[in-house]
Amino acid sequence: MSEKRPIRLGVNIDHVATLRNARGGEHPDPVRAAQLAASAGADGITAHLREDRRHIRDDDMRRLQEEIDLPLNFEMAATAELLKLCTEVRPHACCLVPENRNERTTEGGLDVAGQHNFITPFVRELTDAGIRASLFVDPEERQIEAAKSAGAPVIEIHTGAYYEAAAVTQPKRIEAEFEKIRMAAAFADSLGLEVHAGHGLTFHNVQPVAAIPQLMELNIGHFLVGEAVFMGLGESVKEMKRLIQDARTGGHF
Ligand code: PXP
């Protein structure tokens, strides 16, 4: 395995839609944000259509697929309604995530091991529709094994616990959570899965994760949109891209 596999940055534009929806209307437009992210060097666009439509709406997904010239990663809960819409939109990829209406954000990975018989048909239908299925899981071997046996070609490792440890600056916890991600990426790769990661990644915590050689894609949203308030979306995407490329190519961090 090469140490220098390329790594992609998927920019999640959900929170541009959060801001738009705070006032209703059409501004700021998440599709325009996706265009800007594309010209700043994003390798893909990610958007999460939640069951309650609190940020991205059905029509945003359609427009992202039609108007943006980058692979679209459609995140959603495993429901029949969302599956129907996703197979109509036909994005490049679909990442299945757990969803709890009362949560602020996706709090944990999908329990693929516990819901194997429920998840597998979703993976099959997505695959039959030509959509690359990805399962968002915690960095645990049993979940990764279950994702493999459900037929998913891709997993995305939930990096939220690492983010939380970094946020309270507890070095031992950061190291332990990072180690789980590193081991999970190596394990998934050894099973032949393509490995992505995301959730809570920032300029300050992204580089050790980006340096994990098996990771092929990082999906990052909230921090980039937050930082856009201060430096502009184009600059925040460019800086994130620079940090992850530097980490991957031999990195100083
Ligand atoms: N990946 C997945 C599967 C997610 O659900 C999310 C949050 O919607 C992200 C990545 C991005 O997380 P954040 O907004 O914290 O960067």
Side-chain angles (χ1 to χ4, degrees), residues 7-19 30 33-34 37 42-56 60-61 64 71-79 82 86 91-101 103-112 119 122 126 132-139 143-144 147 152 154-167 177 181 184-185 188 194-207 209-210 215-229 233 236-237 239-241 243-244:
I7 184 163
R8 300 185 295 268
L9 171 61
V11 173
N12 178 317
I13 41 75
D14 290 350
H15 296 300
V16 177
T18 303
L19 190 56
D43 302 293
I45 299 297
T46 293
H48 182 177
L49 188 66
R50 295 188 68 103
E51 281 186 87
D52 63 7
R53 309 303 198 263
R54 73 174 70 153
H55 37 59
I56 293 293
D60 295 327
M61 281 299 193
L64 286 166
L72 175 63
N73 177 28
F74 188 135
E75 286 178 10
M76 62 179 217
T79 73
L82 291 169
C86 183
H92 167 74
C94 174
C95 183
L96 295 177
V97 302
E99 207 171 289
N100 162 3
R101 285 203 181 209
E103 69 190 0
R104 283 210 182 143
T105 181
T106 315
E107 282 168 354
L110 201 58
D111 180 15
V112 193
I119 299 292
F122 282 89
L126 289 166
R132 214 160 151 71
S134 163
L135 301 179
F136 191 42
V137 293
D138 288 325
Q143 298 296 350
I144 295 166
V154 182
I155 60 155
E156 179 165 329
I157 298 174
H158 195 310
T159 53
Y162 166 74
Y163 157 74
E164 277 161 28
E177 294 302 338
I181 298 168
E194 181 173 318
V195 197
H196 303 173
H199 208 279
L201 295 175
T202 71
F203 290 161
H204 316 291
N205 66 19
V206 76
Q207 288 203 299
V209 176
L215 289 180
M216 304 291 286
E217 180 173 305
L218 300 180
N219 286 304
I220 308 180
H222 184 268
F223 181 83
L224 288 175
V225 174
E227 203 56 23
V229 171
L233 184 62
S236 75
V237 170
E239 176 62 3
M240 189 62 86
K241 187 91 196 249
L243 290 168
I244 71 176

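When a ligand or atom number is given, it counts from 1 through the structure's own listing order.
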## Note on the structure
So the atoms of ligand 1 within less than 4.0 Å of a heavy atom of V97 turn out to be 3 (C)

### Task
With heavy atoms of N12 as the reference, note each atom of ligand 1 found under 4.0 Å away.
8 (O)

### Task
May I ask you to list the atoms of ligand 1 that are less than 4.0 angstrom from any heavy atom of N219?
10 (C), 11 (C)

#### Entry: G221-ligand 1 polar pair, N/O distance under 3.5 Å
yes

### Message
Taking distance alone, with N or O pairs closer than 3.5 Å, would you say H222 contacts ligand 1?
### Response
yes

### Message
With rounding to the nearest 0.5 angstrom, report the CD1 to CG distance, I244 to L218.
### Response
5.0 Å

#### Entry: Distance (rounded to the nearest 0.5 Å) between E227 CD and E239 CD
9.0 Å

### Task
Report yes if E75 has an N/O atom closer than 3.5 Å to an N/O atom of ligand 1; otherwise report no.
yes

### Query
Which of the atoms of ligand 1 are close to H199, meaning less than 4.0 Å from one of its heavy atoms?
6 (C), 7 (C), 10 (C), 12 (O), 15 (O)

### Task
Side-chain contact test, heavy atoms from C-beta onward, threshold under 4.5 Å: evaluate it for L49 versus F74 and give yes or no.
yes

### Task
Say whether L201, considering both its backbone and side-chain N or O atoms, lies within less than 3.5 Å of an N or O atom on ligand 1.
no

### Residues R50, D14: salt bridge by 4.0 Å N-O rule
no

### Task
Check each atom of ligand 1 against the heavy atoms of I220 and keep those under 4.0 Å away; list them by number with element.
16 (O)

### Query
Is ligand 1 less than 4.0 angstrom away from at least one heavy atom of F136?
yes

### Query
With a 4.0 Å heavy-atom cut-off (strictly under), which part of E156 contacts ligand 1: side chain, backbone, both or neither?
side chain

### Message
Any heavy-atom pair between the side chains of C86 and L126 that's under 4.5 Å?
### Response
yes

### Message
Is there a side-chain contact between E99 and M76 in this structure, where contact means two heavy atoms from C-beta onward sitting under 4.5 Å apart?
### Response
no

### Task
Would you tell me whether T46 and N12 have side-chain atoms, one donor and one acceptor, within less than 3.5 Å of each other?
no

### Message
Using a strict threshold of under 4.0 Å (side-chain N to carboxylate O), is an ion pair present between R132 and E217?
### Response
no

